[in-house]
Protein chains: 2
Amino acid sequence: MIKQRFFKLIEFYIFDDKYSNKIVIESIKWNKEGLIPVITQQYDSGEVLMLAWINKNILLDTKLGYYVSYWSRSRCKKWQKGEKSGKIQLLKEIYLDCDGDTLLFKVNQYGPSCHSGCLSCFYNKLLTNAKIVKNSIISPKFLYN
Amino acid sequence: MIKQRFFKLIEFYIFDDKYSNKIVIESIKWNKEGLIPVITQQYDSGEVLMLAWINKNILLDTKLGYYVSYWSRSRCKKWQKGEKSGKIQLLKEIYLDCDGDTLLFKVNQYGPSCHSGCLSCFYNKLLTNAKIVKNSIISPKFLYN
């Protein structure tokens with residue numbers, strides 16, 4: 001209830017209101033696994049790169065200008081983006097949505113963000129028939145040595 | 001296992017491969033509630049507007065050029081975006097990510113996408129201190145009559 005009130009309150013705030021990051025992070029509505037989704041977007045082109053998940057501890061360690069880390073749901077551990085492939089993301093901006101359950105990271109992505117070698121993970125375009133619209137930078141064969 | 005193989009397979013496809021939407025939708029990895037997240041992005045500006053959820057039936061009814069609907073987790077029912085506020089989204093493009101568990105809808109948003117009256121739901125900017133960076137189009141007081 002307290003969390004709901006916080007986000008209701010800020011709906012009626014106007015421009016340039018400030019409050020501490022601590023209050024915001026305490027108000028986030030983590031799911032049953034203690035996670036929320038993070039949309040990752042290339043900061044200058046606006047391309048949506050991927051969707052990942054994060055928990056409170058990783059978010060508290062997240063710093064503007066540094067490498068981005070997420071929570072790997074498949075491996076059940078913290079995962080620094082690019083730790084194996086070298087294709088890191090440097091964090092430019094962080095946004096939280098209106099009801100406190102989704103983050104948007106604007107990043108500078110080095111090389112492909114996708115394990116497939118594409119810049120973006122969203123390369124399956126659904127039309128009347130689906131079509132792969134890959135913009136491959138590198139073959140996945142060469143991404144992990 | 002079949003789902004995993006499908007997405008593994010397409011990693012190594014090259015340009016302009018086509019397959020039926022039905023195969024793709026059957027391969028989607030729905031969560032325990034039968035949902036996956038949808039990132040909604042303004043098709044021309046690239047602004048990320050919101051994150052919502054969708055199920056298989058709603059996705060099967062989703063058509064390019066028409067209104068967008070989602071699954072409301074709070075109200076447990078299908079929810080046509082803008083059904084109350086009139087601030088609808090017309091669907092331009094649909095993308096599925098590399099492992100089949102997140103969608104990206106590129107839309108044309110009429111008016112604000114956010115119930116707060118902002119174009120985007122992502123108006124809480126986390127800096128050293130958090131700051132609300134609203135780009136209000138309309139006050140929420142006037143959005144729902």
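Keep in mind that the numbers below use all heavy atoms, side chains included, and drop hydrogens, waters and symmetry copies. All values reported here derive from a predicted model rather than from experimental measurement. Sequence lines set the chain letters: A, B, ... in the order given, protein chains first and strands last, and positions in each chain run from 1.
Hydrophobic clustering of Ile, Leu, Val, Met, Phe, Trp and Tyr side chains at less than 4.5 Å, counting indirect connections, unites A:Leu35 with A:Ile54. Hydrophobic clustering, with ILVMFWY side chains joined whenever heavy atoms are under 4.5 angstrom apart, groups A:Leu60 together with A:Trp71. Residues A:Ile58 and A:Trp79 are members of one and the same hydrophobic cluster, defined by side-chain heavy-atom contacts under 4.5 angstrom among Ile, Leu, Val, Met, Phe, Trp and Tyr. Hydrophobic clustering (ILVMFWY, side-chain heavy atoms < 4.5 Å, transitive): B:Tyr67 and B:Val107 are in distinct clusters. Follow the hydrophobic side-chain contacts under 4.5 Å out from A:Trp53 and you reach A:Met50 in the same cluster.
Listed options A:Val48, A:Ile25, A:Ile94 were ranked by heavy-atom pairs under 4.5 angstrom with chain B; first place goes to A:Ile94.
With rounding to the nearest 0.5 angstrom, the OH atom of A:Tyr95 is 9.0 Å from the OG atom of B:Ser120. Between atom CG of residue A:Asn124 and atom CG of residue B:Leu96 there is a gap of 5.0 Å, rounded to the nearest 0.5 Å. Remark: A:Asp97 CG to B:Cys118 SG distance equals 11.5 Å, nearest 0.5 Å.
For the pair B:Arg73 and A:Asp101, the minimum side-chain heavy-atom distance is below 4.5 Å. For the pair B:Cys114/A:Cys98, a side-chain contact is recorded, criterion being any heavy-atom separation below 4.5 Å from C-beta on. Considering only heavy atoms from C-beta on, B:Leu104 stays 4.5 Å or farther from A:Lys125 through its side chain.
A donor-acceptor pair under 3.5 Å is formed between the side chain of B:Gln41 and the backbone N or O of A:Gly46.
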Practice problem: For side-chain contact (heavy atoms from CB on, under 4.5 Å), just list the numbers for B:Leu64 and A:Leu126, CA-CA rounded to whole Å, side-chain angles, deciding distance to a tenth of an Å, and then say yes or no. | Solution: CA-CA 9 Å; B:Leu64 297 177; A:Leu126 277 65; over 6 Å; no

Quiz item: Can B:Thr102 and A:Phe122 be said to form a side-chain contact (heavy atoms from CB on, under 4.5 Å), step by step?
Solution: CA-CA 8 Å; B:Thr102 306; A:Phe122 294 92; 3.8 Å; yes

